[in-house]
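Since the structure comes first, as structure tokens, the remarks are kept for the end.
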Amino acid sequence: MRHIKPVVVVLVLVGIGGGVYYWRTLRPPETPPATVKSTAAPKPAIPSVRYPVPQPSVQAQKPLPPLDQSDSAILDALTGLFGRKSVEHLFITEDLVHRIVVAVDNLPRAKLPMRFQLFRPVSGRFLASGTDDNLAINPDNYRRYMPYVLLAESANSKTLVTTYIHYYPLFQKEYESLGYPHGYFNDRLVEAIDNLLATPKVVYPLKLIQPNVLYQFQDPAVEALSAGQKILLRMGPDNAARIKAKLAKIRSELTNQSP
């Protein structure tokens, strides 16, 4: 907890980036047992898709760059959505598709791979209040997340999703290359959003322990939450509520369902 990474905001940036449970692969639909033996070759398993990505409009069907040459196009999309200054200040702007897919895939898990983080570290030092058995997160920490919360709120949800749909083939290809040949990235994205929206309410200030160099949450149930849920809690109640509100809107646009 010493250096908190604001990777959770990647889900709010679904327009260029683009999963509530920890699944390594999507399971194919079950088939009834055969009553007659067949000599035909078995058909490959077809993954179930819960949230299919719609086809982009004809006007939006611009050619996509090759995956290994996509940084420039994704960076241009980010700049158009958030402005060059914000992008240069907050994002790590190389291997963007890979960083986005890795972040989304790992947010519902126990840990995030910091090697492929999408955002630059939150400014300042993590602060704890109290001593020994009375440690807690210092509320001054919450202000460190404000640039990322404001960035998320500045984006138009519909525009984000429209851009995401345009670039979706790149994210799907990268997701498959991570070891999910039958996986569907958009389903994983919705799973990650749902996991964050399911973050439980807690009593602040959150109590901490320090068994070694890094801090942990004192409550074992809180410490056992997913990496993304714990990042939301570290942001503080107001910031977490604002991020959740934005995620709900994006989920609605992604799935054509009410928040």
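Fair warning: this is a prediction, and the values are worked out from it, not measured in the lab.
Applying the under-4.5 Å side-chain rule to Ile, Leu, Val, Met, Phe, Trp and Tyr, the cluster around Met146 extends to Leu150.
Ile209 and Leu225 fall into different hydrophobic clusters, where Ile, Leu, Val, Met, Phe, Trp and Tyr residues are linked whenever their side-chain heavy atoms come under 4.5 Å apart, directly or through other members. Both Leu67 and Val104 belong to a single network of hydrophobic side chains, linked directly or stepwise wherever heavy atoms of I, L, V, M, F, W or Y lie under 4.5 Å apart. Clustering ILVMFWY residues whenever any of their side-chain heavy atoms sit less than 4.5 angstrom apart, transitively, puts Leu232 in a cluster other than the one holding Val203.
Within the 4.5 Å cutoff, no side-chain heavy atoms of Tyr175 are placed close to those of Tyr184. Taking 4.5 Å as the limit, every side-chain heavy atom of Gln218 sits out of range of all side-chain heavy atoms of Leu208. Looking only at side-chain heavy atoms (C-beta outward), Ile165 and Pro54 come within less than 4.5 Å of each other. With contacts defined as side-chain heavy-atom distances shorter than 4.5 Å, the pair Arg234/Tyr142 does not qualify. Contact annotation: the side chain of Ile231 never approaches that of Leu196 to less than 4.5 Å [non-hydrogen atoms, C-beta and beyond]. Between Glu153 and Val149, the closest side-chain pair of non-hydrogen atoms falls below 4.5 Å. Contact of the Asn106 side chain with the Phe116 side chain is not registered, since no non-hydrogen atoms from C-beta on lie closer than 4.5 Å. Residues Lys246 and Ser157 are in side-chain contact: their nearest non-hydrogen atoms beyond the backbone lie under 4.5 Å apart.
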Report the C-alpha separation of Asp105 and Arg109 in whole Å, then their side-chain angles, then the decisive distance to 0.1 Å, and conclude whether the salt bridge (Lys or Arg N to Asp or Glu O under 4.0 Å) test is met. CA-CA 8 Å; Asp105 185 44; Arg109 304 189 183 198; 3.3 Å; yes

Derivation of the side-chain contact (heavy atoms from CB on, under 4.5 Å) call for Leu78 and Leu96: CA-CA 10 Å; Leu78 279 168; Leu96 281 164; 4.2 Å; yes

With side-chain hydrogen bond (donor to acceptor under 3.5 Å, both in side chains) as the test, would you mind laying out the steps for Tyr148 and Asn239 before giving the verdict? CA-CA 10 Å; Tyr148 303 93; Asn239 288 338; over 6 Å; no

Could you go step by step and tell me if Ile193 and Asn195 meet the side-chain contact (heavy atoms from CB on, under 4.5 Å) rule? CA-CA 5 Å; Ile193 293 175; Asn195 179 256; over 6 Å; no

Evaluate Lys207 against Asp219 for salt bridge (Lys or Arg N to Asp or Glu O under 4.0 Å), listing each step before the verdict. CA-CA 7 Å; Lys207 299 294 184 180; Asp219 186 342; over 6 Å; no

Let's go through Ser72 and Leu75 carefully: what are the C-alpha distance in whole Å and the side-chain angles of both, what is the deciding distance for side-chain contact (heavy atoms from CB on, under 4.5 Å) to 0.1 Å, and is it a yes or a no? CA-CA 5 Å; Ser72 178; Leu75 184 59; 5.7 Å; no

For the pair Ile92 and Gln117, evaluate side-chain contact (heavy atoms from CB on, under 4.5 Å) and give the outcome as yes or no after the intermediate values. CA-CA 8 Å; Ile92 297 174; Gln117 64 192 37; 3.7 Å; yes

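Of the possible donor and acceptor atoms, one in the side chain of Asn141 sits under 3.5 Å from a partner among the backbone N and O of Leu127. Counting only distance, with no hydrogens or angles, the side chain of Arg144 and the backbone of Ser123 share a donor-acceptor pair below 3.5 Å. Of the possible donor and acceptor atoms, none in the side chain of Arg120 sits under 3.5 Å from a partner among the backbone N and O of Leu90. At distances below 3.5 Å, at least one donor-acceptor pair connects side-chain atoms of Lys230 with backbone N or O atoms of Glu223. The main-chain N or O of Leu233 is found under 3.5 Å from a side-chain atom of Tyr204 such that the two form a donor-acceptor pair. Gln210 contributes a side-chain N or O that, together with a main-chain N or O of Val213, makes up a donor-acceptor pair within less than 3.5 Å. When atom types are taken as modelled, the side chain of Gln229 and the backbone of Ser226 share a donor-acceptor pair closer than 3.5 angstrom. For Asp71 (side chain) and Glu94 (main-chain N/O), no donor-acceptor pair under 3.5 Å exists by modelled atom type. In this structure a side-chain-to-backbone donor-acceptor pair under 3.5 Å is missing from Arg50 to Asp187. Between the side chain of Asp95 and the main chain of His98, no donor-acceptor pair closer than 3.5 Å is present.
The local environment of CG in Asp133 is sparse, with at most 12 non-hydrogen atoms from other residues, nucleotides or ligands closer than 6.0 Å. The number of heavy-atom neighbours closer than 6.0 Å to NZ of Lys244, taken from other residues, nucleotides and ligands shown, is above 12.
Pairing each heavy atom of Pro65 with each of Leu170, the nearest pair is O-CD2, 3.4 Å. When all heavy atoms of Ala77 and Thr163 are compared, the pair lying nearest together is CB-CG2, 4.2 Å. Nearest heavy-atom pair across Ala103 and Leu112 is O-CD2, 4.3 Å. Nearest heavy-atom pair, Met235 versus Ala240, reported as atom, atom and distance to 0.1 Å: CB-N, 4.5 Å. Between Phe82 and Ser154 the shortest heavy-atom distance is CD2-OG, 3.9 Å. Nearest heavy-atom pair, Ala110 versus Ala227, reported as atom, atom and distance to 0.1 Å: O-CB, 3.7 Å.
Between Tyr51 and the options Asn256, Val190, Leu254, a side chain to side chain contact (heavy atoms under 4.5 Å, CB included) holds for only Val190.
The structure places CZ of Phe185 at 11.5 Å from CD of Glu176, a figure rounded to the nearest 0.5 Å. With rounding to the nearest 0.5 Å, the separation of CG in Asn156 from NZ in Lys249 is 9.5 Å. Annotation: the span from Leu135 atom CG to Phe217 atom CZ amounts to 12.5 Å, rounded to 0.5 Å. The CG atom of Leu64 lies 12.5 Å from the CD atom of Gln69; values are rounded to the nearest 0.5 Å. Tyr145 contributes atom OH, which lies 15.5 Å from atom CG of Leu151 (distance to the nearest 0.5 angstrom). Annotation: the span from Thr255 atom OG1 to Leu189 atom CG amounts to 10.5 Å, rounded to 0.5 Å.
For the residue pair Gln172/Tyr168, the side-chain donor-acceptor check at 3.5 Å is satisfied.
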